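Written out below as structure tokens is the structure these notes cover.
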Amino acid sequence: MEKYNHKQIESKWREIWEKSGIYNTDLASKDPKFYNLIMFPYPSGEYLHIGHAYSDTGADVYGRHKKLNGYNVFMPIGYDAFGLPAENYAIKAGVNPKESTASNIEHAEKQLKSWGCSFDWSHKMTTSAPSYYKWTQWLFLKLYEKGLAYQKEAPVNWCPECKTVLANEQVIEGLCERCDTEVVQKNLKQWFFKITDYADRLIKDLDKVDWPESSIIKQRNWIGRSEGVQFNLKVKSEKLKVEEEVEVFTTRIDTVFGMTYVVLAPEHPLVEKITVTEQKKAVEKYLIQAQKLTEIERQSLEKEKTGVFTGAYAINPFNNEEVPIWIADYVLYGYGTGAVMAVSAHDERDYEFAKKYKLPIKESVAPYTKFETKPGKETEVRDLAIAVVRNPKDNKYLCLKWKQTKWQAFPSGGTDGEDIVTAAKREVLEETGYKNIKFIKKFRNTIFEEFYRPHKDSNVIAHSIYSLFELENDERQEVAQKEKDQHEAVWVKEEEVENFLNIKHLKIFWRSLQAGEEMPFTDPGKLVNSGEFSGLFSDEAKKKMAEWLKKKGFGRRKINYRLHDWSIGRQRYWGAPIPIIYCDKCGAQPVAEKDLPVKLPENVKDFKPKGTGKGPLASVKEFVDTRCPYCGGKAERETDTMDTFVDSSFYFMRYPSVGDDKEMMKPNVTKEWLPVDMYVGGAEHVTMHLLYARFITKALFDMKMINFDEPFLKLRHQGMILGPDGKKMSKSKGNVIIPDEVIREHGADAFRIYILFMGRFEDGGPWNPKGLVGVKRFLEKIWKIGLDSRRSLSAEGIPASAGMTKEGGDDNMGSWPKISNMEIQAKLARTIKKVGADIEDFKFNTAIASLMKFSNVLQEEKNPISKGDFEKLIVILSPFAPFMAEELWEKLGHKDSVHVQGWPEYDEKLIKEETVTVAVQINGKVRDQLVINAESEEDEILELAKASEKVQKYLDDAEIKKVIYVPGKLLSLVIS
RNA sequence: GCCGCGGUGGUGAAAUUGGUAUACACGCUAGUCUUAGGAACUAGUGGGGAAACCCGUGGAGGUUCGAGUCCUCUCCGCGGCACCA
């Protein structure tokens, strides 16, 4: 029999497919469209690694399944070829990036073609080609027209190694994402895209897409919307001649009565104006010190907070109190107003700072917990003294276990006009009998608790004040019977108190007690010491206080975002030049559309970055010198190029229109083919590429150039394939696996199946080729079933063993039975259903498992499968093993391709099991299994179960109290 | 610290979403065939026990007739964010 030779088969079909263009999509076809997109590869000089193959294969299986289901599937491919990594590679190799990119692409293409993916190569494009970046520049002009591209002097992230500006998203823990160099801040005039204008819609429209929930959350957090108020405080400083105000942003206006100082970021413009003479020296010293710190040092959490007093004061508009104004670098100039109101009692950072500089701490919000109350009953408001008695000898706490209710609590009671400490002491004596306890301290915060008291049949709102005592000795007096009936005193170990008393809601109190100092309370609660707002809950207070500020003209509601505008200028050679011309007379002028593309000069000898703040293009005279498009006078070109993420923010819109030199997007084709139906790629792109692409889409939507405002309807991520050592693959660790060798040895089909079989698509994990043999066996099994004539029947259905020649000729498919036996028909139907459903869910691993299971059935089965049914198997196998499926399809006598067939139909009736196995549980444990007719009723099954020997053993003199029947699954008996 | 994901046999992993835990595969053990096999096939394979049974999804509680799945707490691993007021 002909052996399965993957090399021969795969190269044969690769060639045939390429010639016939079977995967080239007719975009004008009437079939329903399906835009199946993968994130296009970045040919940086490394081989495409196993992660690319993984992602593309998953997407390909999905796309092939769609195709078999009648969709006109478009799976284009191209190269993201501009940008830093490609350029750095070229510099290292000592060649022009254009050359190295071309050879990198050539190599990547070989790899991509070996994977057997149904890419449409006829729509290929490369972002570094003038025919592409013409549209990158065009996009820039459109955004410029709408005021969404602008220039400003701004502190930017500067990588001294790459000698360029980086977007915030490209700075990872203070280091350059490409070369791990420490990023520094530099003030430069920079081009930005105004993505912040879209912040709200970028959050809101996440509702419209089918994306992994975790990615939606990641984007939402990245944009970081927070609602608050912004308001002004008058500044008092001997230095000021005119009145000044400081504006602050807060999300916790409800804590404003607790403000004890104000902090300005060191860069804040007011710093200079308000600092008093006396403090001038100290402030200057601090500013110099702050400036020296790098971004990482400044942001490191371990670093103790530092700051300096300006000598000036701000006036809290709510109570006209004067509070000192400090400067501290824990306040960021880039967020909000660069100034904050500090409330040390209710904010961790302010608390830490206040503690260090001995600034006052003032409570304005108290914890409030509402427990179950009984509506209709009288509600009493009471001051409650709570006694926390600690035994210093064994570190246990005195608690009460209530008898009528489930309460477990500290001794406590109403104050009845006494002072808190006296009341607490008295309660301990009355309730527990302990005579000698020593007062240690009183907890600062009042804690509100609302609950129902069964022993008094009323509700109470308790204003609880906690006091700490230490037990001096064991001396006790007799406890009154009345008290004894209600509760019993117990000593609880410190580590058990939290659970015993169920005081989760008192966490702040308990933590403070343990820390030996009172920690800030940062949750919402009930306002205290807050003038007319006292008594309100945080929620209402926020509203009322915002209204109050607005009415008085001090401030307003404000929404702030963590997201910054997208800095897109790069002082590098290998990118699309920004199409702007600077004229002495007319200023910055956009290049006319008809003059696009502004070509990147090719014969540049020195394209290395200079580190001067200007890119290498600045020294190419022929490039720089030009004419003003407005007045025609002498002018100079912008020499920055665009961030690569601009290239990739619209490529998916360009694909269907590739080849059109007049328009970026042909209206008809675009309307038909976009948005993208399925997008597959890595989760590492969520806060960069995916966010930028959504922004650009919305901007173009607003310009009425497209009729959709979300580019990717469905998104799926592949997991990360790690090196065999379980670590992230990297060249330096020497653990990079490239798929080429695996494919050479085992074939693309085996590789595709194995990589998808390893685990859940979105999980990934360490690469371990051990299991590949199993997949190989599976493929060879199918191959044999298809080819081995010994397994086949004569046309009359007589088994081969009954007389047919044992050895058929090579390539003889033998003859097939007219129909498969019922068992096989049923199992095939189930397999078709399961595989289809699993692919749709991206559960490729279980789809493959069910194919394997079915192939095992065929192998064990003495009566083989009919030709028609075997063909169905080949069709559902074809997305996973496109080469072998095609070869077998041909061997079965077909002239057309297996990849253009229809997904096989199956009879739902076949799927229903005739008999089912029902488990019989007794008190939750499986005791027997019954094989019964699937149609059986509960009564019948119960009788059968009772008749079972195994069940009877348990039923002896026991009474069946309850019967639960889950149809076709299990019968659960509860017996006494 | 915050947000998200995960922890199941010797290994990679399944589990219809509250219904017989370990499908499928690797590995291992035994056997068949073979001159031989890193081949193929057959049988077995969570742990304990001779068996009846008992125990088992990181750990501790809870809800339920029934929990890998839900709730509370906790430990560990991974990813993201990180002084965002």
Side-chain angles (χ1 to χ4, degrees), chain A residues 172-173 212-218 220-222 224-226 228 248-253 255 263 298-301 303 305 328-332 334-343 346-350 352-353 498-499 502 504 560-563 683-684 686-687 719-720 722 726 728 753-754 757-760 762-766 768-775 777-778 780-781 784 834 837 843 845-856 859-860 917-929 950 953 961-975:
Chain A
I172 313 293
E173 286 174 21
E213 195 54 35
S214 59
S215 299
I216 289 181
I217 291 168
K218 244 185 235 175
R220 205 179 282 138
N221 291 346
W222 185 263
R225 180 192 151 102
S226 63
V248 298
F249 171 76
T250 180
T251 55
R252 290 298 304 276
I253 190 65
T255 65
V263 193
R298 184 167 163 179
Q299 293 193 353
S300 103
L301 269 188
K303 194 186 140 253
K305 292 199 174 11
D329 64 4
Y330 78 90
V331 171
L332 307 175
Y335 183 80
T337 60
V340 303
M341 66 174 211
V343 184
H346 304 295
D347 181 278
E348 305 259 2
R349 299 152 300 183
D350 298 342
E352 197 191 311
F353 191 82
E498 209 172 330
N499 279 332
N502 190 21
K504 258 165 256 157
N560 263 327
Y561 301 93
R562 217 191 66 118
L563 185 72
E684 67 273 19
V686 168
T687 50
M720 203 191 303
L722 306 171
K728 203 167 165 174
I753 294 178
Y754 180 60
F757 183 58
M758 280 196 335
R760 278 202 304 225
E762 64 274 19
D763 278 1
N768 171 6
K770 258 203 211 154
L772 251 167
V773 277
V775 168
R777 280 178 198 156
F778 160 67
E780 275 170 0
K781 211 177 280 177
K784 271 190 201 166
K834 171 89 175 142
K843 286 156 90 177
N845 53 338
T846 51
I848 292 164
S850 58
L851 283 166
M852 287 175 166
K853 206 171 174 176
F854 185 65
S855 76
N856 291 341
Q859 183 161 63
E860 281 156 32
T917 310
V918 169
V920 182
Q921 286 187 350
I922 290 159
N923 286 349
K925 297 211 176 204
V926 178
R927 296 300 179 185
D928 198 10
Q929 319 248 345
K950 286 183 192 162
K953 205 162 64 183
K961 289 211 286 204
K962 197 171 174 186
V963 179
I964 296 131
Y965 179 57
V966 183
K969 292 250 169 73
L970 109 178
L971 181 76
S972 183
L973 306 178
V974 186
I975 63 173

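Values in this document were obtained by computation on a predicted structure and should not be read as measured data. Sequence lines set the chain letters: A, B, ... in the order given, protein chains first and strands last, and positions in each chain run from 1.
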For this session: For B:G9, measure the glycosidic angle (O4'-C1'-N9-C4 for a purine, O4'-C1'-N1-C2 for a pyrimidine) and name it syn if it falls within 90° of 0, otherwise anti.
Result: syn

Seminar exercise, completed: B:U17 glycosidic conformation (syn if within 90° of 0, otherwise anti) is syn

I'd like the [atom1] distance from [M] over to [N], given in whole Å.
N	M	atom1	value
B:A13	B:G7	P	10 Å
B:U64	B:U72	C1'	16 Å
B:A21	B:U17	C1'	15 Å
B:G44	B:C24	P	12 Å
B:C5	B:C53	C1'	39 Å
B:U20	B:U57	P	16 Å
B:C26	B:U42	P	12 Å
B:C83	B:G9	P	39 Å

Please pick, from [options], the nucleotide with the shortest atom-to-atom distance to any side-chain atom of [X].
X	options	value
A:R777	B:C83, B:C65, B:C26	B:C26
A:Q929	B:U20, B:C53, B:G12	B:U20
A:V340	B:A85, B:U42, B:G19	B:A85
A:Y335	B:U20, B:A13, B:A85	B:A85
A:K925	B:C55, B:G19, B:G4	B:C55
A:T846	B:A15, B:U20, B:C81	B:A15
A:R927	B:A82, B:C53, B:A85	B:C53
A:V926	B:U20, B:G12, B:A85	B:U20
A:Q859	B:C24, B:A14, B:C41	B:C41
A:K218	B:G80, B:G19, B:A85	B:G80

Is there a Watson-Crick or G-U wobble partner for [N] with both distances under 3.5 Å, and which nucleotide is it?
N	value
B:A40	B:U32
B:G66	none
B:G77	B:C5
B:A25	B:U11
B:U72	B:A60
B:U20	none

Gap between atoms [atom1] and [atom2], on [X] and [N] respectively (whole Å):
X	N	atom1	atom2	answer
A:K834	B:U16	NZ	P	9 Å
A:L722	B:G79	CG	C1'	11 Å
A:M758	B:A14	CE	C1'	16 Å
A:L772	B:A39	CG	C1'	17 Å
A:D763	B:A14	CG	P	7 Å
A:K770	B:C26	NZ	P	12 Å
A:D928	B:U20	CG	C1'	11 Å
A:R760	B:G12	CZ	P	14 Å

Exercise. Is a side-chain donor or acceptor of A:D763 paired with a backbone partner of A:G719 at a separation under 3.5 angstrom?
Worked result: no

Exercise. Can you tell me if A:D347 uses its side chain to pair, donor with acceptor, with the backbone of A:A342 under 3.5 Å?
Worked result: no

May I ask you to say what [X] touches in the nucleic acid, namely base, sugar-phosphate or nothing, with a heavy-atom cut-off under 4.0 Å?
X	answer
A:D347	nothing
A:S972	base
A:K843	sugar-phosphate
A:N856	sugar-phosphate
A:S850	nothing
A:I217	sugar-phosphate
A:K853	sugar-phosphate
A:R220	nothing
A:V918	nothing
A:N845	sugar-phosphate

Exercise. Looking at B:G19, does its base get a donor-acceptor pair with the side chain of A:Q921 below 3.5 Å?
Worked result: yes

Exercise. On a plain distance test, is the side chain of A:K961 in donor-acceptor contact with the base of B:C65 below 3.5 Å?
Worked result: no

Exercise. How long is the gap from CD on A:E352 to OH on A:Y330, to the nearest 0.5 Å?
Worked result: 9.0 Å

Problem set entry | Value rounded to 0.5 Å, distance of CG in A:N923 from OG in A:S972 | 8.0 Å

Within-4.5 Å side-chain heavy-atom neighbours: [X] and [Y]:
X	Y	answer
A:L851	A:F778	yes
A:M758	A:N768	no
A:L970	A:V920	no
A:K843	A:N845	yes

For this session: Nearest-nucleotide wise, let me know which of A:I848 and A:T250 is further upstream toward the 5' end of RNA chain B.
Result: A:I848

Exercise. Between A:L971 and A:I964, is a side chain to side chain contact (heavy atoms under 4.5 Å, CB included) present by the stated rule, with each step listed?
Worked result: CA-CA 6 Å; A:L971 181 76; A:I964 296 131; over 6 Å; no

Seminar exercise, completed: Tightest non-hydrogen contact, residues A:M341 and A:R252, listed as CE-O, 3.4 Å

